[in-house]
Amino acid sequence: MSAEKLISTMEKLLKLHKSLYEISQKKTEIVKIGDIEALNQILKDEQAHLTAINLLENERQKVTSSLVPRTEKPTIEDCLAVADESSHNKLDRLRSELKNTISEIQQRNELNQQMLFQSLQFVNLSLNLIAPQPEDYNYGQQVGQAATPGLLNLKA
């Protein structure tokens, strides 16, 4: 099998990852405004992208295995070693673009995660201000209260 199939698969992967990055940028804006319904929809879109990426990644693994048959789990680096010059350049460019895009997605997802965590902290703080919890969380008596004598004297 030629490297063209791998190049085609890598181009599709890159396109999907760039689209996923755009979704993560939209997610940031949605988290900022606090639109839960839009956040649910964007999460569904994100999940669909991840499913498609997993399918393409499986295809990429099959193609790389056919290009470098003697290697157990060949990487793009392994394919670069056996590719001709024009394919080598295209694959190398696609690999670096894909790495950069994945890095951008990871950074954006970390930002989104931090923003969601801070939003949850704010909601919890607001709930605690509106409906404060009683100080005594235990079933026992509070410090400083005298014990009421019961029917049994357990000290004996």
task = Please test D45 against K26 for side-chain contact (heavy atoms from CB on, under 4.5 Å), starting from the C-alpha separation and ending with a verdict.
result = CA-CA 11 Å; D45 293 344; K26 288 178 188 174; over 6 Å; no

message = Within a 6.0 Å radius of atom CD on Q61, are there more than 12 heavy atoms belonging to other residues, nucleotides or ligands?
response = yes

ask   = Salt bridge between E22 and K18, side-chain N to carboxylate O under 4.0 Å?
value = no

query = What heavy-atom pair brings D78 and P74 nearest, and what distance separates the two atoms?
reply = OD2-CA, 3.3 Å

query = Does one side chain, of N54 or T51, offer a donor that lies under 3.5 Å from an acceptor on the other?
reply = no

message = Treating S19 as the side-chain partner and K15 as the backbone partner, does any N or O pair qualify as donor plus acceptor under 3.5 Å?
response = no

query = Are K90 and E11 close enough, and set up right, to give a side-chain contact (heavy atoms from CB on, under 4.5 Å), and what steps lead you there?
reply = CA-CA 10 Å; K90 288 178 186 176; E11 286 171 342; 5.8 Å; no

key: Distance, nearest 0.5 Å, that separates CD1 of I7 from NZ of K12   = 13.0 Å

Residues which pass side chain to side chain contact (heavy atoms under 4.5 Å, CB included) with Q107, listed by chain and number, not counting sequence neighbours = S103

request  = Please assess N109 against E46 for the test side-chain contact (heavy atoms from CB on, under 4.5 Å), listing each intermediate value before the final yes or no.
outcome  = CA-CA 12 Å; N109 281 340; E46 188 178 57; 4.2 Å; yes

key: Connected via hydrophobic side-chain network under 4.5 Å: I23 and L55   = no

query = Does some side-chain heavy atom of L94 sit less than 4.5 Å from a side-chain heavy atom of L98?
reply = no

query = Would a 4.5 Å heavy-atom cut-off, applied to side chains only, mark T75 and T64 as touching?
reply = no

Test item: N112 and R108 side chains (from C-beta on) under 4.5 Å apart, heavy atoms = yes

inquiry  = Between I42 and L50, is there shared hydrophobic-cluster membership here, with clusters defined by ILVMFWY side-chain heavy atoms closer than 4.5 Å?
reply    = no

inquiry  = Under a 4.0 Å threshold between the charged nitrogen and the carboxylate oxygen, would K32 count as salt-bridged to E29?
reply    = yes

ask   = Quick one: are E97 and M10 in side-chain contact, heavy atoms under 4.5 Å?
value = no

remark   = d(T71 OG1, E77 CD) to nearest 0.5 Å is 12.0 Å

pair Q41-I30: side-chain heavy atoms closer than 4.5 Å = no

query = Which pair of non-hydrogen atoms, one from L13 and one from I53, has the smallest distance, and what is that distance?
reply = CD2-O, 3.9 Å

Gap between atom OG of S119 and atom CG of N124 - 0.5 Å precision = 11.0 Å

key: Between N100 and E104, a side-chain donor and acceptor under 3.5 Å   = no

query = With a cut-off of 6.0 Å (strictly less than), are more than 12 heavy atoms of other residues, nucleotides or ligands near CD of Q121?
reply = yes

Residue pair E59 / K5, side-chain heavy-atom distance below 4.5 Å = yes

query = Going through the distances and angles, do D84 and S87 end up as a side chain to side chain donor-acceptor pair (under 3.5 Å)?
reply = CA-CA 5 Å; D84 61 1; S87 296; 2.7 Å; yes

ask   = Does any non-hydrogen side-chain atom of S24 lie less than 4.5 Å from one of Y21?
value = yes

request  = Kindly give the heavy-atom pair with the smallest separation between L91 and L80, and that separation in Å.
outcome  = CB-CD2, 3.5 Å

ask   = Do you reckon V123 sits in the same ILVMFWY cluster as L116, going by side-chain contacts under 4.5 Å, direct or chained?
value = no

query = Where do I105 and H17 come nearest, in terms of heavy atoms and distance?
reply = CD1-O, 3.2 Å

